[in-house]
Amino acid sequence: MQSSTERIARIASHLHPPSSQMEETSLLGRSGCRAKGGTPGFKVAILGAAGGIGQPLAMLMKMNPLVSVLHLYDVVNTPGVTADLSHMNTGAVVRGFLGQAQLDNALTGMDLVIIPAGVPRKPGMTRDDLFNINAGIVRTLCEGVTRCCPNAIVNLISNPVNSTVPIAAEVFKKAGTYNPRRLLGVTTLDVARANTFVAEVLGLDPRNVNIPVVGGHAGVTILPLLSQATPPSSFTPEEVAYLTERIQNGGTEVVEAKAGTGSATLSMAYAAAQFADACLRGLRGDAGIVECSYVASQVTELPFFASRVRLGRGGVEEFLPLGPLNEFERAGLEKAKKELTESIHKGVSFIKS
Ligand SMILES: NC(=O)C1=CN([C@@H]2O[C@H](COP(=O)(O)OP(=O)(O)OC[C@H]3O[C@@H](n4cnc5c(N)ncnc54)[C@H](O)[C@@H]3O)[C@@H](O)[C@H]2O)C=CC1
Ligand SMILES: O=C([O-])CC(=O)C(=O)O
C-alpha cells in the first residue's frame, strides 16, 4: 500500500511533469500550434526591459491593444520576464532578446522604441551624477536604432534626460538618420505628479486636473505652469511655493523613501505607458493628442526644451506656445534655461568630442 507522501508525489508528478519529460511525451510542440501570428498593430521594443521600470512597463505595453509585437531587450534576465509576460492572454506577441549580440534583432522593424536602460539614483545623487554611466548606454542603444529602425519613434527615459536626449540626437545626426520630430524625452511623470499634488491641494479628482510642466526633467528645470491649470484655479503664494517645490523634487522624494534601492519605477512605468500610448495613437492618425515632452524645440532659444506638443503620424507635429506666464513662472523659466543650457552642452559634447 502507498504512503500518503508517495501518493502526493505521484499526483504532483502527473500535474507538473519535469520539462524534459514534457518534451518527450508531448505530441504537440509550440511549432505545431495553429497560431498565424499576432493581431494587427504596432511593433514596440523596450530596451532595459528587465529593470525596475522595464518590467511593469513591459506588462502595461503587453496590455495595450495597439501593440501587436513587443520586443524585450536587456543585458540580463529577459528570458524569464518574456516567459512570464507571454502567458498573458492579450494580443501582443512577446519576444525576448538578451545581450548586445541580440540588440539588432530586437530593434529590426520596430515602430516605437522605449528606452529605460541605465542606472538609477541613490540618495544624495543628482540625475546628472548618472551621466558617466548612462551616456554610454544610451549611445550604444541609439546606434542600434540608426542601424535597424531609423524611422522609429524613440521615447527616452534614461537619466539625465536633459542630456541623454541631446546625446541621442547627436548619434542620429552622425548616422544621417536624425528626425527631430521622432525623438522624445519622457517627462510625463512630472505632469502626473503635478496633477496628483495639485488635486490633493484643491480637493479634486487627479484625473480631472491637468498642469502643463515645461523646461526639462531635473530640479529647477522642472517648471510647472500652475497659472495654466485645468480646471482654472487660483493658488495662494504658499500653495505655489509648496507645489512647485514638491513637483520639482518628486523624484528625490521617491529616491529617499526607497533608501538606496532605486528611484521611481511603478509611477514611471505608468507614466511611460501613457506617453507611449499617446505616441501610438498619434501614429495611428488620431487627432488632438497633446502631451508634454522634452524635444528639439523652437519654443525658446534653447535647442531642446520640454513643452506641450501635438503628436501625430510623424511624431511631433506641432509645438504649442508656452502661453502667458506670471512673474513667478518667468523667474523660474530663467533659472531652468540656465541649467538646461549646461546639460544640453554636456550631452552634445559627449558625442562630438
Ligand atoms: N524620465 C523619467 O521621468 C525617469 C527616468 N528614470 C531613469 O530610468 C532609468 C532606469 O531606471 P530603473 O528601471 O529604476 O533602473 P534599473 O536598474 O532597475 O533597471 C535598468 C535596466 O537597464 C538595464 N541595462 C543596463 N545597461 C544596459 C544596456 N547597455 N542595454 C540594455 N539594458 C541595460 C539593466 O540591466 C536593468 O535591467 C534610470 O536612468 C533612471 O534614472 C527613472 C524614473 C523616472
Ligand atoms: O529622480 C530620479 O532619479 C528618477 C526620476 O527621474 C524621477 O523620479 O523623476
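As the structure lists them, so they are numbered: ligands from 1, and atoms in each ligand from 1. Computed from a prediction, not measured in an experiment: that's the story for all the values here. Throughout, residue positions are numbered sequentially from 1 according to the sequence presented. These numbers come from the heavy atoms of this one structure, side chains and all, not from hydrogens, waters or symmetry mates.
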request  = Could you check Gln100 against Thr140 for side-chain hydrogen bond (donor to acceptor under 3.5 Å, both in side chains), going step by step and ending with a plain yes or no?
outcome  = CA-CA 9 Å; Gln100 196 158 348; Thr140 304; 5.1 Å; no

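Taking only nitrogen or oxygen atoms, main chain and side chain alike, Leu156 does not reach within less than 3.5 Å of ligand 1. Considering backbone and side-chain N/O of Ile53, one or more are found under 3.5 Å from N/O of ligand 1. At under 3.5 Å, not a single nitrogen or oxygen of Val161, backbone or side chain, sits near a nitrogen or oxygen of ligand 1.
Other residues, nucleotides and ligands contribute at most 12 non-hydrogen atoms within 6.0 Å of the CD atom of Glu327. Within 6.0 Å of OH on Tyr270 lie no more than 12 heavy atoms contributed by other residues, nucleotides or ligands. Within 6.0 Å of CG on Leu320 lie more than 12 heavy atoms contributed by other residues, nucleotides or ligands. Atom NZ of Lys174 sits in a sparse spot, with 12 or fewer heavy atoms from other residues, nucleotides or ligands closer than 6.0 Å. Under a cut-off of 6.0 angstrom, the local environment of NZ in Lys43 is sparse, with at most 12 non-hydrogen atoms contributed by other residues, nucleotides or ligands.
Of the candidates Arg310, Arg308, Arg181, Glu318 forms a side chain to side chain donor-acceptor pair (under 3.5 Å) with just one, namely Arg310.
Of all atoms in ligand 1, listed by their number and element, those nearer than 4.0 Å to a heavy atom of Leu130 are 41 (O). The Val76 neighbourhood of ligand 1 comprises atoms 35 (O), with distances under 4.0 Å to a heavy atom of that residue. The Leu141 neighbourhood of ligand 1 comprises atoms 30 (N), with distances under 4.0 Å to a heavy atom of that residue. In summary, the atoms of ligand 1 found under 4.0 Å from a heavy atom of Gly52, numbered by their order in the structure, are 13 (O), 16 (P), 18 (O), 19 (O).
Given atom 20 (C) of ligand 1, the protein heavy atom at minimum distance is Gly118 O, 3.1 Å. The protein atom (non-hydrogen) at minimum distance from atom 39 (O) of ligand 1 is Val119 O, 2.9 Å. For atom 41 (O) of ligand 1, the nearest non-hydrogen atom of the protein is Asn159 ND2, 2.9 Å. Atom 33 (C) of ligand 1 has Ala117 CB, 3.7 Å as its closest protein atom, hydrogens excluded (heavy atom only). Of all protein heavy atoms, the one closest to atom 43 (C) of ligand 1 is Ala264 O, 3.4 Å.
The hydrophobic cluster around Val255 extends to none of the other residues, as no ILVMFWY side-chain heavy atom falls under 4.5 Å of it.
By heavy-atom distance, the residue among Arg127, Met268, Arg193 lying nearest atom 44 (C) of ligand 1 is Met268. Atom 17 (O) of ligand 1 has its nearest heavy-atom neighbour, among Gly251, Gly51, Gly262, Pro120, in Pro120. Among Ile137, Asn134, Asn77, the residue whose heavy atom lies nearest to atom 26 (N) of ligand 1 is Ile137. With distances taken over non-hydrogen atoms, the option nearest atom 31 (C) of ligand 1 out of Tyr294, Phe97, Tyr73, Phe275 is Tyr73. When the heavy-atom distances from atom 1 (N) of ligand 1 to Ile157, Ile133, Ile46 are ranked, the shortest goes to Ile157. The option from Asp74, Thr265, Leu57, Asn162 that lies nearest to atom 24 (N) of ligand 1, judged by heavy atoms, is Asp74.
The closest approach between any non-hydrogen atom of Thr140 and ligand 1 is not below 4.0 Å.
Residues Leu183 and Val295 have side chains not in contact (no heavy-atom distance under 4.5 Å, counting atoms from C-beta outward). No side-chain heavy atom of Ile153 sits under 4.5 Å from any side-chain heavy atom of Asp111. Residues Arg193 and Leu189 meet the side-chain proximity criterion, which asks for heavy atoms closer than 4.5 Å. When side chains are defined from C-beta on, Ser158 does not count as touching Ile137, because their heavy atoms never get closer than 4.5 Å.
Only the side chain of His217 comes within 4.0 Å of ligand 1, counting heavy atoms alone; its backbone N, CA, C and O stay farther away. Contacts between Pro116 and ligand 1, counted as non-hydrogen atom pairs separated by less than 4.0 Å, involve the backbone only.
For the atom pair Leu103 CG and Glu143 CD, the distance stands at 10.0 Å (nearest 0.5 Å).
Across Ala276 and Ile114, no two heavy atoms sit closer than the pair CB-CD1, 3.7 Å.
In this structure, ligand 2 sits under 4.0 Å from heavy atoms belonging to Arg121, Arg127, Asn159, Leu189, Arg193, His217, Gly251, Ser263, Ala264.
Gln228 contributes a side-chain N or O that, together with a main-chain N or O of Leu322, makes up a donor-acceptor pair within less than 3.5 Å.
Note: Phe350 and Phe131 have perpendicular aromatic rings, judged against thresholds of 30 and 60 degrees for the angle between ring planes.
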